Structure formats: structure tokens, C-alpha cells
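None of these values were measured; they are calculated from a predicted model. Naming: A, B, ... by sequence-line order, numbering from 1 per chain.
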Amino acid sequence: MKYNFNEIEAKWQKYWAENQTFKAVNNSEKPKYYVLDMFPYPSGAGLHVGHPLGYIASDIYARYKRHKGFNVLHPQGYDSFGLPAEQYAIQTGQHPAITTAENIKTYRRQLDQIGFSFDWSREVRTSDASYYKWTQWIFIQLFNSWFNNDTNKAEDISTLEAVFVSEGNLKVNAVCDDNIESFSADDWDAMSSEAKQKILLQYRLTYLAETEVNWCPELGTVLANDEIVNGVSERGGYPVIRKKMTQWSMRISAYAERLLQGLETIDWTDSLKESQRNWIGKSVGASVTFNVLPITNNQKPTTISVFTTRPDTIFGVSFMTLAPEHELVSQITTTEQKAEVDAYVLATAKRSERDRMADVKTISGAFTGAYAEHPFTKEPIPIWIGDYVLAGYGTGAVMSVPCGDERDYAFANHFNIPIINIFDGVDISESAFSDKEKTIIGNSDFLNGMNYKKATKRAIYELEQIGQGEGKTNYRLRDAVFSRQRYWGEPFPVYYVKGMPQMIDAAHLPIKLPEVEKYLPTETGEPPLGNATVWAWNSIDNKVVSNDLIDNETIFPLELNTMPGWAGSSFYFNRYMDPENPNEMASKEAMDYWQDVDLYIGGSEHATGHLLYARFWQKFLFDKGVVPVDEFAKKLINQGMILGNSAFVLIVKMNYVNEDSKFKIICRNDLKNSKEYFDEVIFENYIHSDSSFEKILDIQYIYSNIDISIINDITNELDIEKFKNHSLYSDYINGEFISNDDGKYLVTREVEKMSKSKYNVVNPDNIVSDYGADSLRLYEMFLGPLEQYKPWNTAGITGVHSFLKKLWKLYADDNGLKTTDTAPTKDNLKTLHKTIKKVEDDIENFSFNTSVSTFMIAVNELGAQKCTSKEILEPLLVLISPYAPHISEELWSQLGHERSISTVAFPKFDANHLVESSKNYPISFNGKTRFTMELSLDMSKDDIEAAVMAHEKTKEQLQGREPKKVIVVPGKIVNIVG
RNA sequence: GCUCAAGUGGCGGAAUUGGUAGACGCGCUGGAUUCAAAAUCCAGUUCUUUCGGGAGUGUGGGUUCGAUUCCCACCUUGAGUACCA
């Protein structure tokens, strides 16, 4: 009987699919357990070995929980809207739906061959209309809601309207836009329908607002900070400017405090919670209003409000700084300063926010010519603009206290603005003093002599007295922009009447994505949906009709933006509970049964995107009574990335006068990617000595990623023949190859992110066909801790593969099964129970790498013990089955069992088999172990000490010295000091 | 810049409460088997050494009988930083 893994794996994968072994039911006697992976975006490149890492871990856990008697929900699906399919459509004209369907097919085939225990009957795809119907439905719910600060939750917009009708908005305590004008019930009554809609929009949880974006006029699109390199677009290198655009926003800021508090109730990693805390950025301080001094008599009075965490330093304010985009800038700038200010604003518009945050060394700014008045001293304070103040943070303006803040200090120094010292006994001639705890305020009128806490309280009190400020808690969390100028995303269920957005009734959902000729923005700069010809709403028949029919009476234009990638992923975990329900996102029964995700595994790169937005939607849906819990995932683990092992050679291109270029391909394992190295080592050793050196016009160095498929994994040798036949390297066929000193053509290895563009991708398909899925699963786990980043090295897989072969041989040889009914020996039982204990602890702690080692040790030991006892080997198989399910199923059925091993109970640990009578004590001197001694565990401390002191090696170590102290920890260690 | 994470043999990593550093595997070395190779099996493999031993977990300090583990400072690498998913 041979271990024919390809045959075995195909057989059991078929068995599981046909028998629906892993189908979860929505009600059960068993306790529920929900294990979820972050669903993948199906990219065109297919899976590489890094992708399944988290899936394997969650699959092991899901299988383990089934052994432990749980009703396990372990679904999978696709986050199938996204940019890459759209880019491909722009390039090739192929509809993104087709590309996406093809990619999903590949993903599914690849996932299936790894033997996951997914319940595929629950698959969802965010780009399916039957799914995004619910994305649109949630959007409508958000639109129809406002956030009541008094109840601290979202409520239906009708309750707000009722208040407006009866008493106006004076007493309304809501999360809403800034600067909403107050009105009475009578005012409300007198308003036109449009005016009312405008006001309500300022309260809704999703609303239209002007937002600053990175606009690239050439590409006709908005770019992510990520897509901008050195102020120009990554694609094409076109200029990018900051621009205001009307877009849908989500009022996530309403939930800032609850999102922060909720972190206390969930078991997510500390680092992830920390990122979310920072993202939410709660700071307690005060808002302060400064009056702007009028320049001319007829200028109407204006104020600047700022948020500060240090109201105690108010007497240290010597200037104010506005973000260059601040709306007051154009109003207050004097004619003399206008040119300078305009130039500065223009220059800032070209810089990305990240640039502005990261660059603290270059100080720049401009004086507006205007002055504000200090609220207490009434002194004039110059108003500057500076790009270190960001428009999106706080109010986009700061009161600058150079003595207490490094950036203000640097700014003041650079522009020769006076620095007022308001700290008692602190020297600020060299740098600012920002240590709150040690602060004693001086030179500050009524705050003199107070510490930070007292002074803060008093300053706020005094500001309130004069009506120029109040205590305030500020959150850095900004409302999330929800519009995308893309094609391949969820269309909004929105049409416009007289410019005001109207929701389509939920009964008419889904509003399906229209067909377009081109996936690019229109010539007039509208989003791709502007190309659609059938994209208007007939409000009588309630259907999408041709644009020609738009009359703005009954037929209106539809929204042209689409939703962002995070829309569909913000509630999919709920949809899995009841994925085919046509009437509800999921039935109440299903959600009451499954409640929330018990274990969620995915990448840490989603820390502040998906994971924050999804929590926000969950809280909102909880407020609306749609879902039963307000946090969707109890426990979350981040899997680390598997990195690629890239290969490099250095290609030197020498260009000649009147001659073709020549190439030298330097294949050495000691290359470095630096200009100095090229100029010194490479030039001196390989170029300067060349006979035709005199004719060289110029030299190009290309430190080039080489496709790892033409490199020997173990020896790092480059296969020159394959290189010459490779389509990528056809230019270099006639080049001169330069080897290592030993004559071998080697590559330089570097660990990088695994990516198609670096030619370092390892495809799991090859691994599965060469070694089997069980080997792949074990090896991915064996590589190291789940959370850690670690490089892939295919050569190492032979270790786990030969382990599986050894495991097989424990049960069977050429003559068939060799297991027996003999009673196990003491050693057999010790090995088994040691393994049960360790593996169970490991799985509970998500330490999957150490259990693979434990299996290896167990199989090595049982092999040495020549164990054939079924009483040992059957439970061992159950232990291994979550990790290597195919081989386990096969041997299990060979052993005569009819039912799948996945249904068997996990073996029970019995500590009695591990009881020891003696211990091999390490004997250390000054903390260094020098020898060991076997001693009985029931010896007293004194007996141990006596035995150790009598040992001749102890005398040897002490060399006649008298020990100062002897520490005996029974069962652990003996340490002799002296 | 800010925030977070990680640094242990040639490599991936182990040491779960402060108690024998390097488990397990890769690679390498030697041997067995073979016409040969693959596969398999056995032994060795942190460095250094005058073969007694000595040193050693990024660097420098501290706490402790004892530190990879706790504390302080620093260095290096990686990740996130609001429209990549």
C-alpha cells in the first residue's frame, strides 16, 4: 500500500463535495461556532502560496471545533468589485463581469484542491445583483437615519422631522454638519421642499458634501494617496491637484465614541486595536474662538475657531496658522499679501497630505496680513497660513503656541515670530517644552502657578465666561467619502430631482449596474456611468429607462458615482448566515442563531479600512434592530504575509558610438543594489578592463528581478539555457555571462513581497501536484507563527512531505495495513497523551507551527517504539486530521471506519499517563548550566542540595570555594552561587 | 514625521508563569543501501578552543541566585498613514 497523495486527495475532495460534509445548518442541538476568513478579491493572477495561509489556519480551527462538538459555520465568497478588473476592461474592452467570473473560476479550482472545509452552498459575491441589493438597501437605511446624541444611537429621520415640525432645531442634539443655522417650527413650516431636504441632508448618516480629493485632470479621475508619487500620478506621471468635489459621505464620526468603547469588548490583537484608537484619535481639550480684527471699517466681523488640547497655554499664543485651503484665507488676506498667499496656496495644492505630514524639516508658510485678537490680552495676533496644518483635521486652524509645541516653535523661529515663554523655570531658548506633567504655568495672568490640569480647567471656565470657547472632545476620525468615479462598483439607488437626491424605494432594488460602451470617464469629466445610455429613473413605473426620456417631471437622472470597495465587505459576514434570502439581508432566526463571528482571520492591512467601516455598519444595523449584536467579530487574528524569495542578476548595458549595444549579465550571489557598488566594484572589475572600453558612450546598470522558475531552489544557480529561451530576456541572448569565482552562475537572493511583477511568485498548483495538498497545508503552518511575516522556501517542503510518508508507514507497508489490536505500552500512551495535550493547547492558542513539530516528534517516537496498536494510532489520526485531512480520511477508512473522520470526537487527554517519578535536574553555577543530575521528584529541598553538593562535578566547579548560596527549585533547577 | 510590529545557528523557527538556549524541519558533512541515481536509513552539525573549557539570543545599561523572557536608552528592518484590495 503506497501513499499515493494525488489519488487520495482527489478522492476525498470528491467525497466531501458529494456528501456535503461541511454544510452548516441554521439550527442545531450543538453549540454554534462561526469561523470566517476575510474573503478574497479574485485577481487575474490567481492564488500564490501566500494567499491560503490564513485559510489553512482557519480551516484547521474549523475542523478542530467540529471534532469538539460544535456546529461550525465556515463559509467563503468573493469581494468581486474592484479596480483591477476595471483597469483590465479599460485596456481590453472586456466586461469586468466576464473577467471577474473567469478569475473566480480559477480561485475556486485552486481553493478546492487544497481541501478546505468550506460550506460552498453559502458562497456570496459582492458584484452579484442579488448581493448588492442589500448593499443598496443598507445605504437607503443610512440615508433615512440621523444620529441622536441624547440617545447615543441612530434613529429614523422621521423622528427628526417631527421635532422640526413641532419645535424647530434649537433643542436637537444631533451629529450633523457644522454651522447649521437655527430655525423655529414656524421657519420650518415656511420652507420650500428643497430647503427642507437640504437641511435634512445635513443630518442624515449618509449625505452629499463637498470633499477635498486628489484630482488628476489628465486621467479624469480621483487618485488615492497611494497612487501619487512625488506629486504626480503613478500611472502616466500626470499632475495631481487638490480639488473640492460633491460626493456621498458616511457620517462615521457619529460613532467615534462607540467605535472606541467597543474595542474594550472584543478580543482583537492589541496592535490592531491600537491602530483603530489612533485612527479615531480622541483628544480632549477646548474649542476657542478668535475674533479677526477688521482691516477696513466696512469689513464684516469674522471669527476663527480652533481646537486645542492645551487651553492652558492660551497666553503663549503668538500667532495663528490656518491650513492653506481654509475658507477664510481668501477673505482675510490683505491686498499687499495676496500675491504671496495665492502662490503658496497653489504650491500646497500640489502636495499630498502624507507629504505634508511626513515632511517636518522644510518649514513653509505665508503671512495673510490679517490679525486676530487674543481673547484675554486683546493683543493683535498675526494670522499665517502653513501647510503643516491640514484642512481635514479639526477646524483646519490652530492657535500657535511656539513655547509649547515643536512645530509651532520651528515655524516661529523660521519666520521670526516672537516666542512667549509661559512656563515657570523652563528654558525654551533651544526647543519647545511639551511635557504636560511637569508644566507649571507662568506669565499668564489668572493661570499663573497652576499645573496643566488646573490651568486647563480654569482656562476653559474663563473662555466660557467671555463666550469665546468651551470644553470639547475632538476626534480625528473623519467622515468617510463614499463615492467613487468608477464603473465596477455598486450603483447608488439614487436619482436627482431639482438637484436633490432621492432614494429609490427598497421594493425596487436591486438597481443593476448599467452597460456602457467605454469604462473611462466621459469627455466632460463625468464618471464612467455617464457613458450609460439607459440610466434614468422613471418614478411612475419605478424602473430604469433610457436617458432620452429624462424630463425632470417623472423621469430623472440617476447617480453616476458608484460605491467604494469597502461597501460590500461591511456586512457580508451577516449575509453568510442566510445567503439566499430574497426578502431580507438575513432572516432574524438565522442571525439570532449565529449572532456574530467567533473567529475572524485576515490581514492586518485591513486594520483601519474594512475593519473600522464594518464595525460602523454593524453598530448602525444594530441601532436599527436589524442585527442582534453591535460588534460583528468576537475574536480576530491577523495572519502575516508569506514573502517571496526574489532572485537578481545585474545586467550592464553598454552603449557604443556607431555600434549596437552590448550586454554583460553578472550572475553572482554577492551583488548589491547601490550606485556606489556599481561605480566601484562592477565598473572596476568588469567594465574598465573591457577591450572596447574606449568606445563606450554610456553605461546602464539594471539590477533585475529574474523569474525564479529558471533558478535552482537549492543551489541558486541560474539555468543559462532557460534564460536565453525565456521571452523576457531575449535581448540578452548574445550577452556575456559573468559567473561567481567558482565558475557557477548564481543569483543574489532577496526577500520581498510575493508579486507577479517581481517574478518571485510560487504557485500552489505546482506544490499540490508535486507534494500534495496535505504537504502544502502542513508546510504553510510549519513555516512559523501565523501572525508573523516569513519567507517562502519551496526546498523545505520535503521535510513535511517525508513526515507524511513516515506517518503512512506507521499504519501500512507494502503488504497493506499493519495496525494491530495489541494493548499499548506505557511509552506509547505517554507519547500519545503528551501529543494530545500539546496539540490541543497549540490549537487553542493558534500556535499551529508548533503542533506540526509535535506531530513529527510523535511519529518519530512511535516509529522508534514500533507501535502498531490501534488504541494509539486511531486517536493520533484524529489529532492530525485538521492539519492533513486527506491522508487522515484515507487511513481512517482503511482502518474500517464508515463515517468521515471529521465527525469523530477529539481524543481526551489523560494526565495519568504523563506522571514522572524523577527529573533530570540542570545544575547551574551562577546561572550557567554545567551538568545535569537525575533525582527523584519526591526528594526534599535539603536532600536535593545534599545530593548535588556531594557530586564530584560540583567540587570540580567550585575548586575548593565555599558556595555563597544554593538555590533549589524542586522539579525545576538547582543554582549554586559562589 | 506619527503609530505599530519584529530582531535567536548557514536558513525557517522552538523555548506557553523568569529556570538545561537552539526543539522540529531545511541545508550541509560523513556513512549504509544501489551498477548508478532517486528514494530510504544511521551519525554529526551555534561559535570558539591549547579539547580542560570559554563565549553566546540586534547594541549598551539595569533588576534578579538566575533574563531570549522584565525595565530604560539606542540601532536595524517591516507594516499602516483615510480612493489598492
| Under 4.0 Å protein heavy-atom contacts per nucleotide of nucleotides 13-23 of chain B, with B for base, S for backbone only and - for none | SS-B--BBS-B
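- The side chain of Lys805(A) places no N or O atom within less than 4.0 Å of a non-bridging phosphate oxygen (OP1 or OP2) of A39(B).
- Looking at which nucleotide of RNA chain B each of Ser275(A) and Met641(A) is closest to, the 5′-most match is held by Ser275(A).
- If you take CG of Asn278(A) and C1' of G1(B), they are 14 Å apart, rounded to a whole angstrom.
- A side-chain donor from one of Asn975(A) and Ser924(A) sits under 3.5 Å from a side-chain acceptor of the other.
- Glycosidic conformation at G52(B) (O4'-C1'-N9-C4 for purines, O4'-C1'-N1-C2 for pyrimidines): syn, within 90° of 0.
- Contact between the side-chain N/O atoms of Arg930(A) and the OP1/OP2 oxygens of G54(B) is found at a separation under 4.0 Å.
- Residue pairs meeting the side-chain hydrogen bond (donor to acceptor under 3.5 Å, both in side chains) criterion with at least one partner in residues 778-787 of chain A, sequence neighbours excluded, are absent.
- When the C1' atom is compared between U63(B) and A79(B), the two are found 33 Å apart, to the nearest whole Å.
- Salt-bridge check for Asp841(A) with Lys837(A): passed, with a basic side-chain N closer than 4.0 Å to an acidic carboxylate O.
- Rounded to the nearest Å, the gap between the P atom of A38(B) and that of G44(B) is 23 Å.
- One P atom belongs to C74(B), the other to U68(B), and the distance between them is 23 Å to the nearest Å.
- The partner of U64(B), taking Watson-Crick or G-U wobble pairs whose two distances both stay under 3.5 Å, does not exist in any strand shown.
- Between Asn860(A) and the phosphate of G25(B), there is a side-chain N or O to OP1/OP2 separation shorter than 4.0 Å.
- Residue contacts for Arg277(A): at a heavy-atom cut-off of 4.0 Å it reaches no nucleic acid atom on any strand shown.
- Base-pair partner of A36(B): not found among the strands shown (Watson-Crick or G-U wobble, both distances under 3.5 Å).
- Counting to the nearest Å, the C1' atom of G80(B) and the CG atom of Asn638(A) are 11 Å from each other.
- No N or O donor and acceptor, one from the side chain of Gln276(A) and one from the base of C4(B), sit under 3.5 Å apart.
- Using Watson-Crick or G-U wobble geometry with both donor-acceptor distances under 3.5 Å, G27(B) finds its partner in U45(B).
- Counting all heavy atoms, side chain and backbone alike, Gly640(A) lies closest to Leu53(A) at O-CD2, 3.2 Å.
- Under the ring pair (Phe, Tyr, Trp, His ring centres under 6.0 Å) criterion, Phe5(A) pairs with Tyr3(A), His801(A), not counting sequence neighbours.
- Spacing between A23(B) and U45(B) at atom C1', rounded to whole Å, works out to 15 Å.
- With a glycosidic angle no further than 90° from 0, G9(B) counts as syn.
- Using N1 to N3 plus N6-O4 or O6-N4 for Watson-Crick, or N1-O2 and O6-N3 for G-U wobble, each under 3.5 Å, C51(B) pairs with nothing.
- For the pair Gly799(A) and Val977(A), both in contact range of RNA chain B, the more 5′-proximal nearest nucleotide belongs to Gly799(A).
- Minimum interatomic distance between Ser80(A) and Ile104(A) (heavy atoms only, all atoms of both residues): CB-CD1, 4.2 Å.
- Contact check on Lys758(A) versus Glu752(A) returns a salt bridge, with a Lys/Arg side-chain nitrogen under 4.0 Å from an Asp/Glu carboxylate oxygen.
- Remark: A5(B) base-pairs with U77(B). Criterion, Watson-Crick or G-U wobble with two distances under 3.5 Å.
- Each of Phe482(A), Tyr41(A), Phe81(A) was evaluated against Trp566(A); a single residue qualifies, Phe482(A), per the ring-ring contact (aromatic ring centres under 6.0 Å, His included) test.
- With rounding to whole Å, Glu861(A) atom CD is found 12 Å from C24(B) atom C1'.
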